[in-house]
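Notes follow once the structure below has been shown.
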Amino acid sequence: DQKDYLIKKSLGLKESADLPDPITTSMVAGQVCDVYEVPNVGTACMWNGIALQKEITLAGITNKVVAVNVDIDAEIPAERFELPAGVIVK
């Protein structure tokens with residue numbers, strides 16, 4: 001499903017790979033998320049298919065991203081979803 005796909009993508013796994021089981025849970029940006037680990041690659045703390053925290057090491061370089069706020073009741077104006085002038089969707 002889409003959530004599994006997003007978790008695999010966040011962990012750098014191929015779509016055909018088996019999804020690992022979460023190793024624990026953690027609180028990030030006020031949300032309880034499942035922590036997934038890929039040995040020799042890194043970890044991702046996932047909430048509803050969204051990586052709230054992720055630490056990945058590739059070629060000896062570690063990249064860490066952490067959400068600081070999750071606003072699930074945000075009001076987003078409709079015009080934010082309008083396509084730019086001249087864009088045609090087929």
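As a basis for the values below, the full set of heavy atoms in this structure was taken, side chains included, without hydrogen atoms, waters or symmetry mates.
- Atoms CD1 and OG1, from I23 and T43 in turn, are 7.0 Å apart once rounded to the nearest 0.5 Å.
- Counting heavy atoms from C-beta outward, L83 and V89 have side chains that approach closer than 4.5 Å.
- No side-chain heavy atom of E55 sits less than 4.5 Å from a side-chain heavy atom of N63.
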Inset, instruction - Output, in order, the C-alpha distance, side-chain angles, deciding distance and verdict of side chain to side chain contact (heavy atoms under 4.5 Å, CB included) for I7 and Y36. - result: CA-CA 8 Å; I7 294 168; Y36 294 86; 3.6 Å; yes
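- Proximity of N69 to D71: side-chain heavy atoms (C-beta onward) are separated by under 4.5 Å at one or more points.
- Closest approach of A29 to A67, counting heavy atoms only: CB-O, 3.8 Å.
- One finds the CG atom of D34 at 6.5 Å from the NZ atom of K3 (value rounded to the nearest 0.5 Å).
- Surrounding CD of E79 are more than 12 heavy atoms belonging to other residues, nucleotides or ligands, all under 6.0 Å away.
- Hydrophobic clustering (ILVMFWY, side-chain heavy atoms < 4.5 Å, transitive): V70 and M27 are in distinct clusters.
- Between V66 and V28 there is a side-chain heavy-atom pair separated by less than 4.5 Å.
- Counting heavy atoms from C-beta on, the side chains of P20 and E37 never come closer than 4.5 Å.
- A heavy-atom distance below 4.5 Å is found between the side chains of K64 and Q53.
- Remark: the backbone N or O of E15 is paired with a side-chain donor or acceptor of K8 at under 3.5 angstrom.
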Legend entry - Trace of the side chain to side chain contact (heavy atoms under 4.5 Å, CB included) decision for V35 with T25: CA-CA 5 Å; V35 178; T25 58; 5.9 Å; no
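- Closest non-hydrogen pair, S10 versus K54, comes out as O-CD, 3.3 Å.
- Residues Y5 and I50 do not share a hydrophobic cluster, clusters being chains of Ile/Leu/Val/Met/Phe/Trp/Tyr side chains in contact below 4.5 Å.
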Legend entry - I56/T62 under side chain to side chain contact (heavy atoms under 4.5 Å, CB included): CA gap, chis, key distance, verdict: CA-CA 6 Å; I56 304 292; T62 300; over 6 Å; no
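- In this structure, L13 is a member of the same hydrophobic cluster as M46, with clusters built from ILVMFWY side-chain heavy atoms closer than 4.5 Å.
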